[in-house]
Amino acid sequence: MGKYRKVAALLLGLALVLAGCAAKEPEIKKQEPKRIEQEESESKKQEDAQKESDGVKQDAPQTEEEPSKKAEIPLEEETDLSSEDELSEPVLNPDTVAYAEEEVVTTARVRVRQAPSTESEVYQTAPLRSKFTRTADDGTWSAVQIDGKEYYIASEYLQLASEATEAGYLVVIDAGHQAQGNSEPEPIGPGASETKAKVASGTSGCVTGINEYQLTLQVSLKLQAELEARGYQVIMVRTSHDVNISNSERAAIANNAGADAFIRVHANGSEDSGQNGILTICPTSANPYMGNLYSQCRSLSECVLDGAVNATGANKQYIWETDSMSGINWCTVPVTIVEMGFMTNPTEDANMADEGYQQRLSTGIADGLDAYFGI
């Protein structure tokens with residue numbers, strides 16, 4: 001009996017041991033996933049940290065909607081980061097500039113610019129011996145006044161007016177009209193939609209019967225001789241009647257030559273036979289094609305008108321400012337049209353046909369050019 005009790009006690013102990021192990025196993029299994037999850041979490045953190053250090057975010061990949069910081073700077077903004085000196089407008093050198101108001105003339109055909117730099121916009125091109133008032137000079141660039149505003153010319157192309165020579169100005173003379181007119185249209189000015197006939201044959205004398213194109217060439221040839229005798233250089237647009245040169249092409253001859261003055265010789269006509277006298281024509285200050293030359297053209301017109309009237313004793317009409325003349329609108333040099341008298345007036349028609357009167361007209365126009373150039 002005692003033996004059976006011992007066996008039973010041993011069996012009971014073994015059962016208790018087995019029961020204890022069974023009770024602990026679920027607890028271990030229960031805790032194991034949590035430990036693995038923690039290990040995986042720690043591993044993921046280390047991996048993410050490594051990727052962050054390499055500049056890559058696993059949970060925020062780059063897309064077109066979210067560019068990198070470098071791509072966020074537009075090209076224009078990068079360009080705007082250039083130095084302040086490169087963006088600022090050029091100025092006269094403060095270390096060498098000298099301020100003095102003095103009269104100067106150009107020694108060549110030169111560009112007048114908005115700022116003292118060859119990269120600056122060109123305001124106008126000034127012919128040889130154009131006069132300006134200089135206000136400052138830094139040795140490289142000079143500031144000059146035009147219509148109350150300041151512009152710039154390279155100093156090497158300027159000299160004091162008091163030191164300039166008094167000869168050598170280039171004058172282009174256009175004897176108005178031609179034997180055969182050309183009614184083909186051409187723009188009234190550069191880029192204009194409005195057109196006019198290329199060139200007309202002109203009017204004729206009411207008592208002499210002389211054609212205007214003949215009269216204008218007679219006077220123009222005398223003017224050429226008078227000017228050359230005074231030391232001027234002269235280019236003639238035409239020396240014969242059998243030509244075909246449009247008004248814009250006549251202007252181009254003066255432009256390409258870099259004329260200091262362009263004189264267009266014409267005669268007038270009117271339905272009123274009592275009309276008489278000399279007038280000159282220039283552009284308005286608002287001329288859309290060459291208005292920047294208004295002051296020079298107006299001055300040239302005034303001087304030539306006064307000179308011709310004084311030399312002939314003819315009636316002084318006026319200066320007609322108009323933008324309707326294609327032969328003016330195409331010019332890039334100072335220009336005036338001289339209407340020498342009315343061929344529809346019997347007395348004036350007869351006067352203009354006279355050789356002596358023609359010579360006085362030529363002398364008067366030359367006197368006007370002398371006055372314009374300050375000779």
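The first residue of the sequence shown is numbered 1, and numbering continues consecutively from there.
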Novice: Evaluate the criterion side-chain contact (heavy atoms from CB on, under 4.5 Å) for residue pair Tyr169 and Tyr372; output intermediate values, then yes/no.
Specialist: CA-CA 11 Å; Tyr169 292 102; Tyr372 174 69; over 6 Å; no
Novice: Nearest 0.5 Å, please: how far is OG in Ser299 from OH in Tyr294?
Specialist: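 It is 10.5 Å, given to the nearest 0.5 Å.
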Novice: Do Tyr289 and Ile188 come within less than 4.5 Å of each other through their side chains, counting heavy atoms only?
Specialist: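 Yes, at least one pair of side-chain atoms sits under 4.5 Å.
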Novice: Go through the steps to decide whether Glu226 and Gln359 satisfy the test side-chain contact (heavy atoms from CB on, under 4.5 Å), and finish with yes or no.
Specialist: CA-CA 9 Å; Glu226 180 66 29; Gln359 185 58 55; 3.6 Å; yes
Novice: Is there a side-chain contact (heavy atoms from CB on, under 4.5 Å) between Thr332 and Phe262 once you walk through the steps?
Specialist: CA-CA 10 Å; Thr332 58; Phe262 183 30; over 6 Å; no
Novice: So which heavy atom on Trp330 is nearest to which on Pro187, and how close?
Specialist: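 Looking at all heavy atoms of both residues, the closest pair is NE1-O, 3.0 Å.
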Novice: Okay, side chain of Arg113, backbone of Ser120: is any donor-acceptor separation there less than 3.5 Å?
Specialist: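 Yes: the side chain of Arg113 pairs with the backbone of Ser120.
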Novice: Determine the sole option in Glu103, Glu101, Glu102 for which the salt bridge (Lys or Arg N to Asp or Glu O under 4.0 Å) test with Arg134 is passed.
Specialist: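 Among Glu103, Glu101, Glu102, the one meeting salt bridge (Lys or Arg N to Asp or Glu O under 4.0 Å) with Arg134 is Glu102.
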Novice: Any side-chain to backbone donor/acceptor pair from Asp137 onto Thr135? Under 3.5 Å, distance only.
Specialist: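 Such a contact is absent between Asp137 side chain and Thr135 backbone.
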Novice: Find out whether Val335 and Cys297 are in side-chain contact, i.e. whether some heavy atom of one side chain is under 4.5 Å from a heavy atom of the other.
Specialist: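 In contact.
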Novice: State whether the side chain of Arg250 and the backbone N or O of Ile245 hold a donor-acceptor pair below 3.5 Å, judged by distance alone.
Specialist: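 Side chain of Arg250 to backbone of Ile245, a donor-acceptor pair under 3.5 Å: yes, one is there.
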Novice: About how many Å separate CG of Asn93 and CH2 of Trp141, when rounded to the nearest 0.5 Å?
Specialist: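 One gets 13.5 Å once the value is rounded to the nearest 0.5 Å.
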Novice: Within a strict 4.5 Å, meaning less than it, do heavy atoms of the Val110 and Leu158 side chains meet?
Specialist: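 Val110 vs Leu158: side chains apart.
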Novice: Report the C-alpha distance between Thr336 and Ile263 in whole Å, list the side-chain angles of each, state the deciding distance to 0.1 Å, and finish with yes or no for side-chain contact (heavy atoms from CB on, under 4.5 Å).
Specialist: CA-CA 6 Å; Thr336 187; Ile263 307 296; 3.8 Å; yes
Novice: Taking the side chain from Gln218 and the backbone from Gln358, do they hold a donor-acceptor pair closer than 3.5 Å?
Specialist: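 Flag not set: sc Gln218 to bb Gln358 has no pair under 3.5 Å.
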Novice: Is there side-chain contact between Lys222 and Glu355, with heavy atoms separated by less than 4.5 Å?
Specialist: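 Yes, close enough: below the 4.5 Å cut-off.
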Novice: Counting heavy atoms not belonging to Tyr157, are there more than 12 under 6.0 Å from its OH?
Specialist: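 For Tyr157, atom OH is not crowded (no more than 12 foreign heavy atoms under 6.0 Å).
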Novice: Take atom CG of Asp242 as the centre, draw a 6.0 Å sphere, and report whether it contains more than 12 heavy atoms from other residues, nucleotides or ligands.
Specialist: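 No, CG of Asp242 has 12 or fewer neighbouring heavy atoms, counting only those of other groups under 6.0 Å.
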Novice: Has Gln145 got more than 12 heavy atoms of other residues, nucleotides or ligands less than 6.0 Å from its CD?
Specialist: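 For Gln145, atom CD is crowded (more than 12 foreign heavy atoms under 6.0 Å).
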Novice: Can you spot which of Asn268, Val207, Thr203 makes a side-chain contact (heavy atoms from CB on, under 4.5 Å) with Met343?
Specialist: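 Exactly one option meets the side-chain contact (heavy atoms from CB on, under 4.5 Å) with Met343, and it is Thr203.
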Novice: Is there a donor-acceptor pair closer than 3.5 Å between any side-chain N or O of Arg238 and the backbone N or O of Gly176?
Specialist: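 Yes, the answer is positive, given that a donor and an acceptor are paired below the 3.5 Å cut-off.
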Novice: Main chain of Pro288, side chain of Asp323: is a donor-acceptor contact present, judged purely on distance under 3.5 Å?
Specialist: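 Here the side-chain-to-backbone pair does not exist.
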Novice: Any non-hydrogen side-chain atom of Asn211 less than 4.5 Å from a side-chain atom of Ser201?
Specialist: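 Side chain of Asn211 against side chain of Ser201, heavy atoms only: no contact under 4.5 Å found.
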Novice: Do Met236 and Leu221 come within less than 4.5 Å of each other through their side chains, counting heavy atoms only?
Specialist: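 Result yes, sub-4.5 Å side-chain heavy-atom pair found.
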Novice: Could you tell me the separation between the CG atom of Asp306 and the OG atom of Ser301, rounded to the nearest 0.5 Å?
Specialist: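 So the gap between those two atoms works out to 10.5 Å.
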Novice: Hey, does the side chain of Asn247 reach the backbone of Lys198 with a donor-acceptor pair shorter than 3.5 angstrom?
Specialist: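 The answer is yes, because a donor-acceptor pair under 3.5 Å joins these two groups.
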Novice: I'd like to know if Asp367 and Arg230 make a salt bridge, using a cut-off of under 4.0 Å between side-chain N and carboxylate O.
Specialist: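 A salt bridge links Asp367 with Arg230.
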